[in-house]
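The next block holds one structure in the form of structure tokens; read it before the comments.
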Amino acid sequence: MTLLADPRGTMPIRSGIGEPDYGTPKSSSQVMVTVTIDGEAHVVPEGTSVMRAAGEAGCSIPKLCATDSLQPFGSCRMCIVEIDGRKGTPASCTTPVEEGMVVRTQTEKVAKLRKGVMELYISDHPLDCLTCSANGDCELQDMAGVAGLREVRYGMDGKNHLDAPTDSSNPYFSFDESKCIVCNRCVRACDEVQGTLALTIEGRGFNSKVSPGGLNFLSSECVSCGACVQACPTATLQEKSVIDLGMPTRTVQTTCAYCGVGCSFNAELRGDELVRMVPAKTGGANEGHSCVKGRFAWGYASHSERITKPMMREKITDEWREVSWDEAIEFTASKLKEIQLQYGDNSIGGISSSRCTNEEIFVVQKMVRAAFGNNNIDTCARVCHSPTGYGLSTTYGTSAGTQDFKSVAKSDVIVVIGANPTDAHPVFASRMKRRIREGAQLIIIDPRKIDLVESAHIKADYHLQLQPGTNVAVINAIAHVIATEGLIDEVFVSERCDPGPFNRWRKFIELPENSPEVVESQSGVPAETIRQAARLYAAGNNAAIYYGLGVTEHSQGSTMVMGMANLAMATGNIGREGVGINPLRGQNNVQGACDMGSFPHELSGYRHVSDNAVREQFEALWDVKLLPDPGMRIPNMFDNAISGEFRGLFVHGEDIAQSDPNTKHVEKSLKSMDLVVVQDLFLNETSKFAHVFLPGTSFLEKDGTFTNAERRINRVRPVMAAKNGKQEWQIICEIAQAMGYDMHYENSAQIMDEIAQITPTFKGISFAMLDEVGSVQWPCNDAAPDGTPIMHVDGFVRGQGQFMETPFVPTEERSNRKFPLLLTTGRILTQYNVGAQTRRTANVTWHPEDVLEIHESDAALRGISDGQKIAVSSRIGETILTAEVSDRVPAGVVHTTFHHPTSGANVITTEFSDWATNCPEFKVTAVEIRPADSSAAPTNTLESVLTKA
Amino acid sequence: MDIKILTHMVEQIEKNIPAHEEQYLRISEHLIKFWTPQMRTDLFQEVKENRQNYSEVVGQVVDDMRAKAKA
Ligand code: SF4
Ligand code: SF4
Ligand code: SF4
Ligand code: FES
């Protein structure tokens with residue numbers, strides 16, 4: 001029998017167009033050893049495998065069960081070598097190098113043995129290489145070539161797996177069992193990299209096979225991260241897009257545009273067609289891992305509903321008509337000027353988007369400040385992480401997370417507050433879970449039983465299941481225990497913190513009103529649980545806090561951020577690896593949107609507009625006079641629109657009518673305006689009130705940078721030509737020019753150059769620099785030319801850390817007889833934000849509609865059963881959702897997501913907001929629920945998405 | 001902007017900034033840092049006309065901001 005593989009004789013270190021694979025992970029040891037491989041001496045870090053040392057030295061060893069994202073396993077025996085002084089032929093993947101070791105990788109003996117091993121594998125493998133979807137990117141094919149295998153002696157007549165069925169249940173990848181060599185890489189990838197443990201090897205010997213449990217992949221625990229697909233050396237686990245379109249031939253490295261983890265991907269193309277997104281091992285944030293959104297849910301970029309031509313209409317009741325770019329830009333500019341002429345300079349403003357690049361955001365805020373001539377620029381970060389900016393700036397001096405993601409590997413105690421990383425920040429969650437499996441202890445503070453409370457090989461040591469709205473009471477109680485039980489790190493505090501505010505805080509926090517016993521009645525968390533969790537946090541060697549919107553989207557969001565910052569200072573958990581205060585940012589570029597000066601009171605780099613020296617620098621560079629007072633925040637714009645003072649709005653890539661609270665109020669304010677301009681990919685809820693629609697670019701078309709939650713600036717490179725014919729920054733510049741302000745750049749690199757010129761924390765950054773080093777974490781300047789993975793190491797940005805008193809002020813939104821339940825909102829793994837992107841992909845398979853989680857006792861009381869349509873009403877409005885009876889929420893609390901406009905979750909959320917920043921209180925709404933008469937069937941079924949795509 | 005919204009905002013700020021001798025200074029700093037001039041002017045006007053409806057601290061805040069604005 002003749003093989004179809006083309007024996008090459010040499011072992012490629014990379015298969016296809018992928019990144020190099022050295023077989024085993026890199027050793028982090030600083031101790032170096034010398035080893036001789038095939039006659040040449042090489043110096044490598046201690047702990048390096050012989051396989052990796054050989055690969056790095058250019059004499060690669062064949063392998064099948066090894067890949068460098070996984071710990072060595074030693075099952076296939078393809079990688080055997082001869083080592084002087086050792087008996088037999090050890091596996092090079094499981095053998096670490098030793099000082100003076102002499103290794104021979106290409107002897108006649110090992111060649112013969114490898115060929116025999118390969119022959120056994122091939123004898124149970126379909127010989128259809130030339131028609132196989134993995135042809136050219138298959139390690140089995142490569143290894144057969146390396147082993148010099150041209151003939152198989154055993155034939156295919158005996159027992160084999162060639163008729164095994166293919167599981168195509170997952171919308172993105174298939175599992176063709178007939179091609180499986182049972183190398184275990186997929187199982188280990190799911191365990192070690194993803195941490196879901198969905199796969200097992202069932203059976204023994206010849207009968208062993210990979211099993212996802214359940215009926216198939218779709219019905220299993222699998223979360224479609226793609227790690228197993230990436231690890232598979234054959235076409236057994238294969239992306240359906242590769243099967244459909246063929247093997248890619250070139251690659252462009254870029255950054256995911258979904259969550260704030262900011263994963264790097266190699267976009268792999270065949271010609272101009274994107275075939276797949278493969279997570280980049282060189283990605284600083286993700287190191288080769290991904291989640292279902294970034295890995296697979298990119299098809300929306302080519303969805304048929306994309307708007308690619310500018311559109312206009314006189315009235316919002318008119319039909320849209322396509323117009324030229326010139327007409328759209330000219331109309332927008334002249335109408336904005338007309339409004340200003342009639343109602344004053346302050347009557348217009350803009351909203352920038354955390355989904356856009358730093359360069360786009362920078363030019364939007366520049367257009368508002370320089371061409372509109374006011375500071376009425378705000379960002380969608382207003383409705384998510386503005387309290388982070390306020391809280392961390394006040395206590396530490398800057399608005400940023402303190403750690404890099406890698407830092408979690410050094411944590412002994414991990415506290416997750418108001419965040420759901422496995423759904424909202426999945427790739428970081430995998431890192432966190434790895435550390436927990438290694439033994440770190442875990443405290444969860446959340447009203448809802450999130451996956452981390454208990455899942456495969458993970459169990460939280462403490463779950464403080466508090467009543468929504470009582471975060472500050474609980475954090476104060478934890479601090480009370482630390483202060484009154486002598487657990488304060490007095491040395492750290494005296495060396496690093498301002499003594500006046502500290503002493504005042506200490507007095508405040510020791511008050512009996514902050515004791516766990518008092519807080520128990522407010523929060524519902526048993527006092528003893530609070531005490532134990534506090535002791536664990538304070539006594540753990542390295543304790544880190546990670547938090548999300550469950551902290552910020554409250555009437556005391558800013559207070560809570562300061563409460564956590566106090567806690568880290570009081571226990572000395574700041575300024576080194578494994579500790580810190582870390583906001584998990586929701587959208588891809590929330591950090592960047594804040595950094596770029598898109599809050600109305602700040603210029604880029606968090607410098608207040610009232611700072612004359614800073615303003616003068618901008619004025620000199622931009623050749624324009626800037627205002628020294630803050631402009632309007634988004635809610636101010638809405639309120640002023642209703643009262644008639646604010647008349648024109650430019651909305652850049654945000655669907656405020658769906659994402660902002662109290663939809664009726666938002667709609668009323670949009671309807672009150674004379675001009676609403678929306679720049680986006682698709683017509684959305686906001687565009688229903690718009691007069692001009694400017695088509696935007698997807699992340700696959702953008703050229704720029706995103707900054708992730710760890711302050712890492714990543715390049716976003718164009719993978720395909722802009723479908724609208726223009727980059728978004730060009731469109732903004734053209735509007736500014738049409739309004740009479742000369743704003744011009746040749747390319748987006750020039751915008752970054754301007755950002756670096758005018759923003760001290762970005763001084764060392766340019767596209768050329770990022771292209772050279774991959775990514776960098778700000779501050780990056782003369783003082784930190786390589787960037788800053790960990791902040792506040794020797795001192796706080798503000799000098800001394802500032803403790804802040806954090807009195808608990810209960811929210812005004814309370815449950816009562818009419819609205820006895822508290823609604824809290826969240827996210828789900830497969831959907832993102834308002835769903836504009838993910839709803840237009842096969843991700844709707846998993847989440848076709850928003851559901852309302854309700855405890856069985858609350859459901860029973862109201863005669864509601866699982867799957868039933870229910871009306872959810874608050875004092876603001878009413879919407880229809882499907883009930884999901886669940887023990888994730890306690891009695892008295894219900895939970896939903898807001899990914900689908902049909903469910904209108906924000907129809908019922910209220911106008912209450914954070915006292916300091918006006919970030920909406922999405923997390924607490926008093927509601928009542930009853931069975932609905934009408935049914936609101938979900939409109940985004942998989943079928944409808946796929947037929948439109 | 002509806003004055004009810006502004007007064008609700010300033011009352012929330014007052015509740016959340018702890019009551020001690022610096023309270024009114026911190027509130028006035030907050031309003032100068034984050035509120036538009038129009039919002040501050042509207043609040044001045046309201047408190048001037050209806051001072052009896054506001055706490056002593058809000059009165060002090062307004063006096064302090066007016067003094068700073070004149071300086
Ligand atoms: S599916 Fe792929 S990775 Fe998993 S055991 Fe089979 S060949 Fe190996
Ligand atoms: S896709 Fe991810 S979660 Fe699913 S089986 Fe593969 S590794 Fe596990
Ligand atoms: S959505 Fe977040 S975790 Fe998932 S691939 Fe994108 S950046 Fe990474
Ligand atoms: S690669 Fe070493 S035993 Fe499989």
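Below, chain A is the first sequence line, B the second, and so on; all start at residue 1.
At a heavy-atom separation below 4.5 angstrom, chain A is approached by Arg40(B) within residues 40-66 of chain B. At a heavy-atom separation below 4.5 angstrom, chain A is approached by Glu22(B), Arg26(B), His30(B), Ile32(B), Lys33(B) within residues 22-33 of chain B.
Residues Met39(B) and Met632(A) are not in side-chain contact: their nearest non-hydrogen atoms beyond the backbone lie 4.5 Å or more apart.
With chain B as the partner, the residue from Asn375(A), Val809(A), Asn376(A), Leu627(A) showing the most heavy-atom pairs under 4.5 Å is Val809(A). Listed options Glu645(A), His608(A), Glu602(A) were ranked by heavy-atom pairs under 4.5 angstrom with chain B; first place goes to His608(A). Contact count against chain A (heavy-atom pairs under 4.5 Å) is highest for His20(B) among His20(B), Lys15(B), Glu11(B).
Glu812(A) pairs by the side chain to side chain donor-acceptor pair (under 3.5 Å) definition with His8(B), not counting sequence neighbours. Shown here are the side chain to side chain donor-acceptor pair (under 3.5 Å) partners of Arg382(A), two or more places apart in sequence or in another chain: Asp378(A).
Note that CH2 of Trp915(A) and CE of Met9(B) are 11.5 Å apart. Values are rounded to the nearest 0.5 Å. The distance from the OG1 atom of Thr36(B) to the CG atom of Asn636(A) is 6.0 Å, given to the nearest 0.5 Å. Separating the OG atom in Ser643(A) from the CD1 atom in Ile3(B) is a distance of 11.0 Å, to the nearest 0.5 Å.
Ring geometry for Phe34(B) versus Tyr390(A): interplanar angle of 30 to 60°, hence tilted.
Looking at Ile13(B), the atoms closer than 4.5 Å to chain A (heavy atoms on both sides) sit in the backbone and in the side chain alike. Using a 4.5 Å cut-off between heavy atoms, Ser610(A) does not touch chain B at all. For Phe638(A), no part lies under 4.5 angstrom from a heavy atom of chain B.
In terms of heavy atoms, Pro630(A) sits closest to Pro37(B) at O-CD, 3.8 Å.
Within a 6.0 Å sphere centred on NZ of Lys507(A), heavy atoms belonging to other residues, nucleotides or ligands number 12 at most.
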**Prompt:** Please walk me through it: do Gln556(A) and Asn16(B) pass side chain to side chain donor-acceptor pair (under 3.5 Å)?
**Reply:** CA-CA 8 Å; Gln556(A) 282 205 292; Asn16(B) 277 278; 2.7 Å; yes
